[in-house]
Q: 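Pasting a structure here, questions to come.
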Amino acid sequence: MTQDIKVSDMDQSSPAEMSGPLPFPFNQQTFCRYEPVEQRIDEARVLVVDNLLRDERDLSPVARREWGVMLEGQLRRERLIAGMAIENIHNNISRLVKRPTIEVAHLSELSEAAATFHPDAVVLSGTLRDFDYYDESILDSFGSFIRNTKIPVLAICGGHQLVGLSFGARVITLDKLEQHEQREDRTQEYQYRFIRITEPEDPIFERLNASDSDRSPDHLRGARILRVWQNHGLQLDRVPEGFKLLATSYLCRNQMMVKRSDGQLIYTVQFHLEKSFEDWNKSRTRWEHPNESRDGRVLFENFLTLALVD
């Protein structure tokens with residue numbers, strides 16, 4: 001005999017409704033909204049610095065010994081990655097500036113290039129190898145330049161580490177070991193990650209909360225989280241004297257810092273903010289940006305704006 005069950009007899013209780021906004025990270029978008037890019041900067045002279053190794057002249061005895069017969073192949077890989085890094089930086093500048101003038105120089109030629117090109121800003125690319133693979137003369141020359149230059153500087157990933165090294169910090173692995181102690185099987189910070197802004201009032205974070213169509217004062221600042229592309233296994237062991245920490249994460253404390261003293265403006269980022277336009281150029285028929293980094297693009301534009309005002 002079948003028993004009829006009335007709807008009214010069933011438990012009508014429903015899950016408790018959530019009140020208020022969702023907490024981080026559940027309140028983050030899992031997609032990249034379409035946002036047309038407006039070129040707000042009229043012109044800029046930018047010196048882009050290739051920080052990767054070129055040939056045997058750049059190598060330390062450590063690199064020669066450890067690479068051995070693989071030396072030529074490793075240098076070819078350096079040049080391949082260098083081309084990609086410089087292209088990404090070039091794409092950002094050319095998409096953000098109406099009339100850009102861009103010069104590319106190798107790390108070993110930085111001082112001479114800056115003296116002859118007279119840039120408004122210098123952008124340092126990332127690196128691929130540990131810094132004890134570099135000839136000491138290259139590191140010494142860069143250190144002298146970066147400690148004295150009055151040209152605004154943006155340093156990316158390995159460039160961030162080079163700057164920290166030049167101001168007295170140590171470069172260690174994410175497991176807090178010396179570089180030579182852990183060449184292989186390092187912990188890596190890779191793909192998109194959320195990092196926390198520690199100084200939201202710094203002008204580099206202008207408009208992070210606003211789209212190009214929403215520039216009301218309430219949306220200009222106040223962002224606390226950056227979504228950025230990461231690809232590194234090294235980090236700085238501290239914030240060097242004279243710098244202020246701007247962003248941090250659980251795996252790498254020094255994600256971003258700035259020096260605003262002694263007539264210098266130096267912004268450094270451990271992440272790859274230059275990823276903003278890479279995939280747009282590689283596959284222009286796609287409507288989505290698989291590696292889009294809107295936050296990176298806004299930071300890049302803000303740096304150029306600050307450099308021209310400085």
Q: Using 0.5 Å steps for rounding, measure from the CG atom of D175 to the CG atom of L177.
A: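 Output value for this atom pair is 6.0 Å.
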
Q: Which residue in the set L306, L265, V269, I266 passes side-chain contact (heavy atoms from CB on, under 4.5 Å) when paired with V258?
A: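 Answer after filtering L306, L265, V269, I266: L265.
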
Q: Calculate, to the nearest 0.5 Å, the distance between atoms CZ and OG1 belonging to F243 and T268 respectively.
A: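 Interatomic distance, F243 CZ to T268 OG1, rounded to 0.5 Å: 6.5 Å.
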
Q: Surrounding CG of D42 (heavy atoms of other residues, nucleotides or ligands, distance under 6.0 Å), is the total greater than 12?
A: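 Yes, CG of D42 has more than 12 neighbouring heavy atoms, counting only those of other groups under 6.0 Å.
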
Q: Answer yes if V97 and V104 sit in the same cluster of Ile, Leu, Val, Met, Phe, Trp and Tyr residues linked by side chain heavy atoms under 4.5 Å apart, and no otherwise.
A: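 Per the 4.5 Å side-chain linkage, V97 and V104 are co-clustered.
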
Q: If we ignore hydrogens and angles and just use 3.5 Å, is the side chain of R238 paired with the main-chain N or O of G164 as donor and acceptor?
A: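 Absent.
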
Q: Hey, are D202 and Y267 close enough side-chain-wise for a donor-acceptor pair under 3.5 Å?
A: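 The criterion, which ignores hydrogens and geometry beyond distance, is satisfied for D202 and Y267.
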
Q: Quick check against the 3.5 Å criterion: does H272 have a side-chain atom that pairs as donor or acceptor with the backbone of E274?
A: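 Answer holds: no.
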
Q: To the closest 0.5 Å, what do you measure between CD1 (I195) and CD (Q255)?
A: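 I195 atom CD1 to Q255 atom CD measures 4.5 Å (nearest 0.5 Å).
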
Q: Would you say E136 has more than 12 foreign heavy atoms packed within less than 6.0 Å of its CD?
A: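 12 or below, so no.
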
Q: Spell out, yes or no, whether L236 and F131 are grouped together once hydrophobic residues are joined by side-chain heavy atoms under 4.5 Å, including indirect joins.
A: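 In one cluster with L236: F131, yes.
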
Q: Charged N to carboxylate O under 4.0 angstrom, R64 versus D135?
A: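 Result for this pair is no, no salt bridge flagged.
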
Q: Would you say the side-chain atoms of E56 pair up with the backbone N or O of E72, donor to acceptor, closer than 3.5 Å?
A: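 No.
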
Q: Is it true that, when you exclude R253 itself, more than 12 heavy atoms of the residues, nucleotides or ligands shown sit nearer than 6.0 Å to its CZ?
A: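 No.
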
Q: For the hydrophobic clusters of this structure (ILVMFWY residues joined by side-chain heavy atoms under 4.5 Å, transitively), does one cluster hold both L174 and I172?
A: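 No: no chain of side-chain contacts under 4.5 Å links L174 to I172.
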
Q: Under the side chain to side chain donor-acceptor pair (under 3.5 Å) test against D262, which residue among R260, K259, Q264 passes?
A: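 It is K259; the other options fail the test.
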
Q: Find out whether L107 and Y134 are in side-chain contact, i.e. whether some heavy atom of one side chain is under 4.5 Å from a heavy atom of the other.
A: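 Result yes, sub-4.5 Å side-chain heavy-atom pair found.
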
Q: According to a hydrophobic-cluster definition based on side-chain heavy atoms being under 4.5 Å apart (Ile, Leu, Val, Met, Phe, Trp, Tyr only), do I102 and L308 belong together?
A: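 Yes, I102 and L308 fall within the same hydrophobic cluster.
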
Q: Any carboxylate oxygen within less than 4.0 angstrom of a Lys/Arg side-chain nitrogen, looking at D120 and R45?
A: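 No.
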
Q: Looking at E181, I want to see if its CD is surrounded by more than 12 non-hydrogen atoms of other residues, nucleotides or ligands under 6.0 Å.
A: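 Yes, the 6.0 Å shell around CD holds more than 12 heavy atoms from other groups.
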
Q: Please answer: with hydrophobic residues joined when any side-chain heavy atoms are less than 4.5 Å apart, are Y192 and L251 in the same cluster?
A: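 Per the 4.5 Å side-chain linkage, Y192 and L251 are not co-clustered.
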
Q: Can E66 and R129 be counted as an ion pair, charged N to O under 4.0 angstrom?
A: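 R129 and E66: not salt-bridged.
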
Q: Ignoring hydrogens and geometry, is there a side-chain-to-backbone donor-acceptor pair from T248 to R196 under 3.5 Å?
A: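 Answer holds: no.
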
Q: Distance-only, no hydrogens or angles: does the Q74 side chain make a donor-acceptor pair with backbone N or O of W67 under 3.5 Å?
A: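 Absent.
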
Q: For the CG atom of L226 and the OG atom of S249, what is their distance to the nearest 0.5 Å?
A: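 One gets 11.0 Å once the value is rounded to the nearest 0.5 Å.
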
Q: Looking at L53, is its backbone amide N or carbonyl O close enough to the side chain of D58 to form a donor-acceptor pair, meaning the two atoms are under 3.5 Å apart?
A: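 Such a contact is absent between D58 side chain and L53 backbone.
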
Q: Can you confirm whether more than 12 heavy atoms, excluding those of K98, are under 6.0 Å from its NZ atom?
A: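 Correct, the count exceeds 12.
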
Q: What residue among L154, V153, V48 forms side-chain contact (heavy atoms from CB on, under 4.5 Å) with V122?
A: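 Among L154, V153, V48, the one meeting side-chain contact (heavy atoms from CB on, under 4.5 Å) with V122 is V153.
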
